[in-house]
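Throughout, a chain's letter reflects where its sequence line sits, starting with A, and its residues are numbered from 1.
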Amino acid sequence: MDLTLLGQLLLNGVIVGTLYGVVAMCFVLIYKASQVVNFAQGEFLLIGAWVCWSMLTTYQIPFVWSFLITLVFMLVFGVLLQIVVLRPLIGEPVIAVIMVTIGLSIVFQALMKWMFGVFAQPFPPIFERDSVTIGALEVKTVYVMSMIVSVIIMAGFGYFFKATRLGLAMRATAFDQQVAQSMGVSIHQVFALSWAISAMVSAVAGVVIGIVSGVSSGLSFYGIKVFPAVILGGLDSIVGGVVGGIVIGVLENLAHYLDSQFLHWGNMIEIAPFYVLIVILMIKPYGLFGTRDIERV
Amino acid sequence: MASLRPSGDFRTSYGADTAIFDTAAARWACVLAVALFCVAPLVLDRYLLSLLIQIGYLGIAALGLNILVGFTGQISIGHAAFFGFGAFASAWISNNTPIPVFFAIPLAGVATTAVGMLFGVPAARLKGLYLAIATLAAQYILQDFFARAQWFSGGVAGTPAEPFTIAGFAFDGDESYFYVVLAYVVASYLLAANLMRKRDGRALVAVRDHYLSAEMMGINLTKYRTLSFGISSFFAGIGGALYAHYLGFVSVEGFTILFSIQFLAMIIIGGLGSVMGTLMGTAFMTLLPEVMEAITRLLSGTALEAALDLKGNISYLREMAIGMVIILFLIFEPDGLAHRWRQIKAYWKLYPFSY
């Protein structure tokens, strides 16, 4: 038993898990607003991180400004993507829309590899101190920042949906599109907005992960890892996405611990979430917080 | 849909409505095409022949996916993993048991179906996109399994596969193996076309079009969704097995999610819910890289090539092309090549009085 390693991995799990939670939240946002299962979620992280990285290193812009430029870029990108690619597909069968997002995902992934190469690029250091001491544990500053950013994003989501007019409009659309439309909510606006928010917030997560472990095409795998998280939490629950993300983050690090200490199978950290996914589908298919599908005819 | 008869479709019997071929001409055209393919190995060179074989075994796997996606309206993103499982299973059966390759191929199909069921049954009872997500998990789990299971797949070293033999005659060259693939293609496409004329096939279409009405007509949704996923894995396994015995060697790389998406691209391009379209889409996707390579060769030495470094990035370009083709077809030609082909036929047939 190696308790220090276990503690380290659990902490890791919580930190990575909150990031999964943030990405899962973005995923659920799009799913709730427009019933699109977005397979290109991971590519949003990838694009955001690369844009911020190239601002920082190629154009030598200070971090705060390059971060803001990234956000604006992702806002425009999300809206454009919705208008150009997804709007023509409104009314088409759901599977057509899903397959378009799959197509988008490989286009962006290949494009990013083409433009920036396949090797991981580190972010230039942003903090002066490499680590801070909290209690007895020495924690890297980037991890603290990552936690703080994630919590701020989650709180921001909570505020946005509970207290603002636009958030209310989006909740109404998710509840019943037709009724929302007849109450004067512009569905087009809501769709575009949900893609924009999702792209922006994903980009923030992408930048954070980039700062922690460098930018590479591996970032898009977060978009795949999001599926176990949202299935565990329930496909249409934002809270569920957050909870699912944290649980999956901790679980995969636990699996890694078991693997490295006892089993020696290798690669469990990558694969364990998918076993979890299949098991959840068997025993609790609508997740912890998802709405059960009941139909009256 | 434009009718191919100048005065419209007026069927007078149930038999006419369920016929595989609309007209006698269509039937003879198909028979003629198969006959032409039978003499293909005598006239075509090695390169073209290997492309045709590739189209054949990929076409069988894509047909399975089309039955799932196009006819039943469920998505699988793990088709390449099942294709790979079929390849390994057939190689394993023929290497480790006295069963000859001739029987190993269908057995591999059955084994793949069984594995598919493991992932498909929990998901297929739910409506919506749960099957897509479950097969995504299957893709990663199986890929990991191939790399890990030394006894089954040979681990990272891969596994050899025996050539296809009947009564001592080995089909180990392109010329002879072509006939094996052709036989399987004809059999599986006939099977699929016939399935769609029967109650089961029509039930699948009903599940896709309106699952509530289908259920009220007495169609067991769970049964047909699971059945469709089973058929799809079976064809994937057969396609994979043919691939294994064609190459004589299966390596663990290659059965990636990108390959799965390529299968999706094939059926989207060919036409969702079209049996013959599947073959057209497969041909399109198989020829696409060849065409792209030719274009790169044409551009070599020009300023454009130097600016974009086309040669070094051809693999990314290929990936992008797959994605773009999916997006563009879904936006501009959602019914695929099969629909376009029907329109062209109708145009010539009805010229100049198309209405």
Side-chain angles (χ1 to χ4, degrees), chain A residues 31 35-37 39-40 84-89 92-115 117-118 221 224-228 230-231 235 265-268 270-283 285-286 293 295 297, chain B residues 69-70 73-75 77 118-119 121-123 125-134 136-141 143-145 147-148 208 212-213 215-216 257-258 260-262 264-265 267-268 272 308-309 312-313 315-332 334:
Chain A
Y31 181 74
Q35 271 78 52
V36 175
V37 171
F39 278 90
V84 174
V85 181
L86 289 137
R87 193 164 293 174
L89 290 166
E92 294 282 328
V94 187
I95 57 167
V97 186
I98 308 301
M99 287 190 285
V100 163
T101 67
I102 296 175
L104 283 175
S105 123
I106 45 173
V107 168
F108 289 135
Q109 220 177 94
L111 186 67
M112 292 294 119
K113 278 190 214 155
W114 187 10
M115 286 168 70
V118 285
F221 200 57
I224 305 284
K225 282 280 184 68
V226 117
F227 285 102
V230 293
I231 288 291
L235 254 184
W265 286 350
N267 208 19
M268 277 315 281
E270 302 280 320
I271 302 301
F274 298 112
Y275 285 111
V276 175
L277 194 161
I278 297 289
V279 171
I280 299 162
L281 279 183
M282 281 176 187
I283 55 178
Y286 295 106
D293 221 20
E295 265 161 343
V297 185
Chain B
V69 181
Q74 296 264 330
I75 302 187
I77 325 179
L118 273 183
F119 297 101
V121 169
R125 67 203 160 109
L126 307 170
K127 94 177 171 75
L129 299 153
Y130 287 90
L131 189 66
I133 298 170
L136 183 75
Q139 168 77 46
Y140 285 102
I141 291 175
Q143 232 177 294
D144 181 56
F145 173 74
R148 192 193 301 283
R208 174 196 67 190
L212 274 183
S213 321
E215 195 166 22
M216 294 207 300
I257 190 157
L258 186 70
S260 291
I261 294 171
Q262 239 165 313
L264 276 176
I267 60 170
I268 292 167
L272 294 172
L308 296 175
D309 185 20
N313 291 311
S315 61
Y316 306 141
L317 281 177
R318 205 174 290 158
E319 281 176 40
M320 272 170 68
I322 296 170
M324 287 311 289
V325 157
I326 293 181
I327 298 170
L328 293 177
F329 262 88
L330 280 173
I331 293 180
F332 296 111

I need the [X] [atom1] to [Y] [atom2] distance, nearest 0.5 Å.
X	Y	atom1	atom2	value
B:R208	B:Q74	CZ	CD	12.5 Å
B:Y316	A:M112	OH	CE	13.0 Å
B:I141	B:L136	CD1	CG	10.0 Å

So which part of [X] gets closer than 4.5 Å to some heavy atom of chain B, the side chain, the backbone, both or neither?
X	answer
A:I231	side chain
A:P88	side chain
A:I95	both

Would you indicate whether the side-chain heavy atoms of B:I257 and B:I77 approach each other to under 4.5 Å?
yes
Which heavy atom of [X] sits nearest to which heavy atom of [Y], and what is that distance?
X	Y	result
B:A265	B:I326	CB-CG1, 3.6 Å
A:M282	B:L118	CE-O, 4.0 Å
A:P228	A:P273	CB-O, 3.6 Å

Out of B:I268, B:I327, B:I261, which residue meets the side-chain contact (heavy atoms from CB on, under 4.5 Å) rule with A:I102?
B:I261
[X] versus chain A, the contacting section by heavy-atom distance below 4.5 Å:
X	result
B:V121	neither
B:I133	both
B:L330	both
B:L272	side chain

Pairs of heavy atoms under 4.5 Å with chain B: top-ranked of [options]:
options	result
A:F274, A:F39, A:F108	A:F274
A:V230, A:I98, A:V97	A:I98
A:T101, A:L277, A:L89	A:L277
A:V100, A:V37, A:I271, A:I224	A:I271

